[in-house]
Amino acid sequence: MDLPRTRHNPWRGLFLVAGLVACSLCPASAQIYINPEFLKWFVGEESELIVMDMPKVVTDISWHRGTQPSEDTRIISYQPPSKTWAPGPEYNSRMNVTSYGNLYFSRAEWGDTGHYTVRVATDREKQTATALFQVGEPSGKPGLSLNATSVAEYLDPVLATCHTDATKVLWHVNSRLVSSNDQMTLSPDNKTLTLHWVRRYDSVQCQIVNFKDEVQRSELIVLSVTYGPYDVSLWSKPQNVFDTIGAEIGSKVEINCTTLSCWPSPKYRWTHNGAPLSYSGHSITLWSLTKEQLGRYRCVLENPATGLSLYREVIVDRPRDSLQADSSFHLSGYFSGVLIVLTFLGGVSLCGLLAFKLTQLCSARRNPVLQVPTSDL
Ligand SMILES: *[C@@H]1O[C@H](CO)[C@@H](O)[C@H](O)[C@H]1NC(C)=O
Ligand SMILES: *[C@@H]1O[C@H](CO)[C@@H](O)[C@H](O)[C@H]1NC(C)=O
Ligand SMILES: *[C@@H]1O[C@H](CO)[C@@H](O)[C@H](O)[C@H]1NC(C)=O
Ligand SMILES: *[C@@H]1O[C@H](CO)[C@@H](O)[C@H](O)[C@H]1NC(C)=O
């Protein structure tokens, strides 16, 4: 609907005239160039050097090795008007010029790397363009390997190797790009990464950038990390008070040891007063406590994968109540002993007093004031 109005725009005619004037003064076409996005190819790939801004009417297109186009360096030329191809001294059967004027390689080879120059002729002018064509090895997805299947947390080092022919290698630990630091060291070529210590859940991945600047990542490996034990909890029935379980002779006693920080699950060992017991589970049950079973119990948690072990101890003793009964008995015994001694001492002192009194009497008698028969003593 707007079209008729535009058509009647008075400026439009003016621009058209200006354009026609400009075209008759300027070169007929823009400067040609070789598409820079398609200059890197892998060995064996079908590839093409693409001419951009090619003039509409071309009389001759010739491709040359190097930067100086001459008959000596000519690979092949093509005349669009006659649709004829003419190979030159640098011609190779893997190469040809397409009808669009591009240099086509049926298969790129290492030796093709180098500068190429195209010369395009029209009725009016000749234009040239040069570009560096590069052929490299493809770098596929890199391989990643570790020198250990399982490592102990904070204890073992692990060496990761990135298998690739790429020269640019980067590493990701826990999905973050890393460089050498106090936990890890990269080799000078970045192909190996040594983790001096690891934490559980640590993951490793290498990444390569090939010469076409394409990024490829290896698989991501989550390290198999063993750890602990770092803690031991002890539970018992009857419940322990600090390090003592009070239990009656003949009652049932259960002791459990657990840990929250151990992988794989630890091995358990138990000792009673230092002597090993045959239990190997995380708990022991004394079904009917005997006097001989009183004493110190120790559970030992061992993780063979980390080489770490921890233990907890608890004493099984008769409850405080019966302990008090015992002590009160001992106390009363003590008191009765004291009483006997006191009674004895009291008796002795009474006798002494009596004897003293009697001596007094006797001497009085000798004086002679009083006379008591000796049989009275
Ligand atoms: C180049 O390609 C054209 C078109 O496919 C073909 O006719 C011509 O023979 C080829 N020239 C050479 C030298 O291979
Ligand atoms: C893995 O490599 C590191 C670093 O070289 C080394 O310290 C460690 O012992 C190796 N581990 C094994 C299981 O070979
Ligand atoms: C090696 O890795 C570091 C740190 O990520 C990086 O800066 C450097 O460019 C890499 N060097 C090579 C040759 O890949
Ligand atoms: C001890 O462990 C056993 C088995 O896991 C469980 O049945 C029991 O309730 C535990 N006892 C205590 C006192 O934690």
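As the structure lists them, so they are numbered: ligands from 1, and atoms in each ligand from 1.
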Worksheet item: Contact between Y78 and ligand 1, counting heavy atoms under 4.0 Å?
Response: no
Notebook entry, point to check: For atom 7 (O) of ligand 3, is the nearest protein heavy atom closer than 4.0 Å?
Noted result: no
Work out whether the distance between some heavy atom of T98 and some atom of ligand 1 is less than 4.0 Å. no
For S179, the ligand 3 atoms with a heavy-atom partner under 4.0 Å come out as 4 (C)
Donor on one side chain, acceptor on other, E153 and Y201, under 3.5 Å
no
For L186, the ligand 3 atoms with a heavy-atom partner under 4.0 Å come out as 2 (O)
Q. Are any of the N or O atoms of W85 closer than 3.5 Å to those of ligand 1?
A. no
for atom 13 (C) of ligand 1, nearest protein heavy atom and its distance come out as Y91 OH, 3.2 Å
Exercise. Quick one: is the NZ or CZ of R94 closer than 6.0 Å to the six-membered ring centre of F105, and within 45° of its axis?
Worked result: no
**OP:** State if V209 counts as touching ligand 3 under the rule of any non-hydrogen atom under 4.0 Å.
**Re:** no
heavy-atom search around atom 11 (N) of ligand 1 in the protein gives N96 ND2, 3.0 Å
Original post:
Going by an N to O cut-off under 4.0 Å, is there a salt bridge joining E45 and K212?
Top reply: yes
| request: Please determine if N147 has a nitrogen or oxygen closer than 3.5 Å to a nitrogen or oxygen of ligand 2. | output: yes
In this structure, does ligand 3 have an atom that sits under 4.0 Å from one of the heavy atoms of D189? no
